[in-house]
> 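Please see the structure below; I have some questions.
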Amino acid sequence: MLNRRKALVTGAALAAMPRVALAKSAPLRIKPQAGMARLGPPDVPKTAIWGYDGQVPGPEIRVKQGDEVRATLDNGLKQPTTIHWHGIRIENAMDGVAALTQDPVEPGATFDYRFTAPDAGTFWYHPHNRTWEQMARGLYGPLIIEEAEPPAYDRDITLMLDDWRLGEDGRIDEESFGSMRDWSHAGRLGNWPTVNGAPQPDYPVKRNERLRLRIINCANASVQVLRLDGMDARVVAYDGMPVEPLALDGTFILAPAQRVDLIADVTADEGALMIAGRENFRACGFKVGGEARGKPLTDPVALPPNPLSTDLDLKEAVRTTLTVGGGAMGGMADARIGGFGAAYRGEDPVAGVFDARTLAVEHDLVWALNGVAGMPLEPLFKAERGQTAVVRLINEGRWPHAMHFHGHHFREVTEGSPWRDTILLGPRETKEVAFIADNPGRWMLHCHMLEHQAGGMGTWFEVG
Ligand code: C2O
Ligand code: CU
């Protein structure tokens with residue numbers, strides 16, 4: 001295995017900005033396929049990856065709020081796949097969830113996605129079929145929806161954080177795909193971090209330049225603990241939803257799939273850094289050259305609001321409890337098998353209640369939600385269109401989870417909590433979240449630690 005400490009001494013060339021793919025009117029073609037990427041240090045060979053258009057990250061898709069995105073998925077993989085537009089409050093049929101909202105797209109086949117993004121902000125796209133393998137191999141890309149009138153800033157930098165598991169030869173460790181040890185513990189944690197598919201890239205900036213940093217955690221399962229040095233930064237959005245600007249003080253946390261938008265003034269004379277994790281690891285650098293202005297800008301940094309309905313009606317809400325069970329040392333109580341996948345494949349769902357060992361050994365299921373392992377036949381709850389939904393998330397185990405709701409943004413039912421699409425639920429923690437179920441369809445709700453999802457942590461709800 002590559003040792004991440006190696007990265008502490010690696011110098012890196014100035015990073016090229018990712019390619020922007022969108023022409024507004026022409027439909028995009030996005031081809032997931034095999035490719036090569038220089039992920040590791042210079043003395044390690046390139047890595048065979050799967051990427052959109054063969055690159056990691058995939059091409060940046062960038063449109064203005066309210067524009068239509070048309071994208072044809074052209075499957076160049078040897079596996080069926082889909083594209084899920086993470087965090088977009090999208091029309092259900094375009095959500096890209098294999099088996100729930102569409103059939104998986106077979107190798108060589110295509111699928112046309114077409115949607116209008118209602119919200120401006122930082123989003124991303126990734127597969128929703130065998131996600132745990134396809135994302136670990138490099139399938140993800142940024143989806144940036146621009147505000148009509150953003151606050152003033154000089155430079156817009158998207159930073160997609162990943163955490164790979166590579167061998168000394170630079171190859172992706174394939175033997176550990178499907179490892180039940182990973183699935184029942186913290187998920188597939190990597191040994192090799194990258195930002196925008198590069199080890200410790202450096203971005204050119206100027207002193208007193210104002211940056212908009214869009215940081216996205218694309219790792220399968222790693223919770224990222226980050227810090228910025230040499231900048232004066234304010235949080236302006238979480239998961240694509242603007243917040244009252246908040247000065248960044250010390251570290252901040254991004255669970256898998258979460259995003260943060262920062263507006264940051266470069267204060268350092270030489271280099272500024274983004275530091276990751278307990279080891280104070282250098283995730284990426286910002287090389288200061290020249291001066292943008294004599295002193296930092298003082299213009300306001302707040303983003304304009306998105307058209308999200310925020311008027312929760314807790315009295316008339318549909319209320320559900322979702323209890324996470326399972327995982328190593330979690331003592332998963334007996335559970336049923338969801339049966340959604342079997343029914344989709346035209347097989348008979350496996351009936352009965354099983355003990356944890358049987359579920360793990362015979363069915364690769366190590367997690368359960370409300371005593372059901374894997375997607376259930378029936379939705380967790382049904383809401384009338386426009387009704388408020390309240391979900392009490394209870395984690396009785398020892399592992400954190402990154403709970404993600406599709407098609408909606410929610411917030412914790414405590415004053416001042418931000419609207420998000422993914423929330424970190426710590427060990428033995430309970431959080432109550434609420435949202436307005438105003439987007440009709442069948443929506444997935446799952447842990448974004450992808451091995452947990454594959455190991456049973458997925459369910460769905462229906463909005464009428
Ligand atoms: Cu980012 Cu269900 O996904
Ligand atoms: Cu989880």
Side-chain angles (χ1 to χ4, degrees), residues 57-58 81-90 92 94-102 104 122-132 134-136 139-143 160-162 182-189 216-223 239-240 254-259 322-330 332 340 365-369 373-375 380 393-410 420-429 431 439 441-461:
T81 192
T82 62
I83 299 181
H84 167 59
W85 313 93
H86 183 115
I88 301 285
R89 297 188 295 128
I90 203 168
N92 191 246
M94 296 288 118
D95 199 41
V97 178
L100 184 66
T101 69
Q102 70 167 94
T122 301
F123 301 91
W124 60 304
Y125 61 98
H126 65 72
H128 223 295
N129 189 54
R130 283 180 77 85
T131 322
W132 52 277
Q134 296 189 2
M135 261 180 53
L139 285 164
Y140 56 79
L143 171 56
M160 298 193 96
L161 277 41
D162 199 357
D182 286 343
W183 288 30
S184 63
H185 289 69
R188 184 181 177 90
L189 303 178
I216 309 175
N217 185 357
C218 305
N220 272 43
S222 308
V223 176
D239 297 354
L254 279 189
Q258 287 187 327
R259 289 89 66 209
L322 190 66
T323 304
V324 181
M329 303 172 292
M332 176 141 99
F340 190 95
L365 291 167
V366 284
W367 298 95
L369 296 173
M375 288 272 282
L380 175 70
L393 302 164
I394 304 175
N395 181 9
E396 295 181 329
R398 302 189 186 193
W399 305 97
H401 300 289
M403 302 306 295
H404 170 49
F405 290 60
H406 281 222
H408 298 79
H409 274 66
F410 57 86
R420 307 206 70 138
D421 62 42
T422 306
I423 194 173
L424 186 62
L425 189 62
R428 307 204 196 289
E429 192 172 39
K431 283 183 177 172
N439 197 355
R442 304 155 98 197
W443 300 104
M444 202 166 173
L445 188 184
H446 62 91
C447 181
H448 219 289
M449 290 166 175
L450 301 171
E451 292 69 31
H452 293 177
Q453 178 193 351
M457 280 188 76
T459 184
W460 57 290
F461 60 97

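Because the structure is a prediction, the values reported are computed rather than measured. Both ligands and their constituent atoms are indexed starting at 1 by order of listing.
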> Using 2.8 Å as the threshold, say whether any N, O or S atom from H446 sits that close to atom 2 (Cu) of ligand 1.
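So H446 counts as coordinating atom 2 (Cu) of ligand 1, yes.
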
> Without hydrogens or angle criteria, can the side chains of T81 and Q134 be said to hold a donor-acceptor pair below 3.5 Å?
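A donor-acceptor contact under 3.5 Å links the two side chains.
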
> Where is the tightest heavy-atom contact between L100 and F340, given as atom of each residue plus distance?
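Scanning both residues, the minimum pair turns out to be CD1-CZ, 3.7 Å.
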
> Does H126 bring an N, O or S atom to under 2.8 Å of atom 1 (Cu) of ligand 1?
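Short answer: yes, at least one N, O or S atom is under the cut-off.
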
> Do you see an N/O/S atom of H448, backbone or side chain, under 2.8 Å from atom 1 (Cu) of ligand 1?
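For H448, the answer is yes, given that an N, O or S atom comes within less than 2.8 Å of atom 1 (Cu) of ligand 1.
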
> Looking at A98 and N129, what are the two nearest heavy atoms and their distance?
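Closest heavy-atom pair between A98 and N129: CB-OD1, 3.5 Å.
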
> Walk me through whether H446 and H448 qualify under ring pair (Phe, Tyr, Trp, His ring centres under 6.0 Å).
CA-CA 6 Å; H446 62 91; H448 219 289; 5.5 Å; yes

> Quick one: sort the H408 and F461 rings into parallel, tilted or perpendicular, breaks at 30° and 60°.
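Tilted, since the angle between the ring planes falls between 30° and 60°.
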
> Report the relative orientation of the aromatic rings in Y140 and W124; use parallel for angles under 30°, tilted for 30 to 60°, perpendicular for over 60°.
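If you compare the ring of Y140 with that of W124, the planes turn out perpendicular.
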
> How close do A221 and A186 get, heavy atom to heavy atom, and via which atoms?
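Closest approach of A221 to A186, heavy atoms only: CB-O, 3.3 Å.
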
> Going by chain and residue number, what protein N/O/S atoms come nearer than 2.8 Å to the Cu ion (ligand 2)?
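Protein N, O or S atoms closer than 2.8 Å to the Cu ion (ligand 2): H401 ND1, C447 SG, H452 ND1.
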
> State whether H404 contributes an N/O/S atom found under 2.8 Å from atom 1 (Cu) of ligand 1.
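For H404, the answer is no, given that no N, O or S atom comes within less than 2.8 Å of atom 1 (Cu) of ligand 1.
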
> Assign the ring pair H401 / W367 to parallel, tilted or perpendicular, where the plane angle (0 to 90°) is split at 30° and 60°.
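Aromatic pair H401/W367 classed perpendicular.
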
> Going by atom types alone, do D421 and H86 pair a side-chain donor with an acceptor below 3.5 Å?
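The answer is yes; a qualifying pair exists.
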
> Could you grab the angle centred on atom 2 (Cu) of ligand 1, going from NE2 in H406 to NE2 in H128, to 10°?
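Result: 100°, to 10°.
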
> Which of the N/O/S atoms in H86 sits closest to atom 1 (Cu) of ligand 1?
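Nearest N/O/S atom of H86: ND1.
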
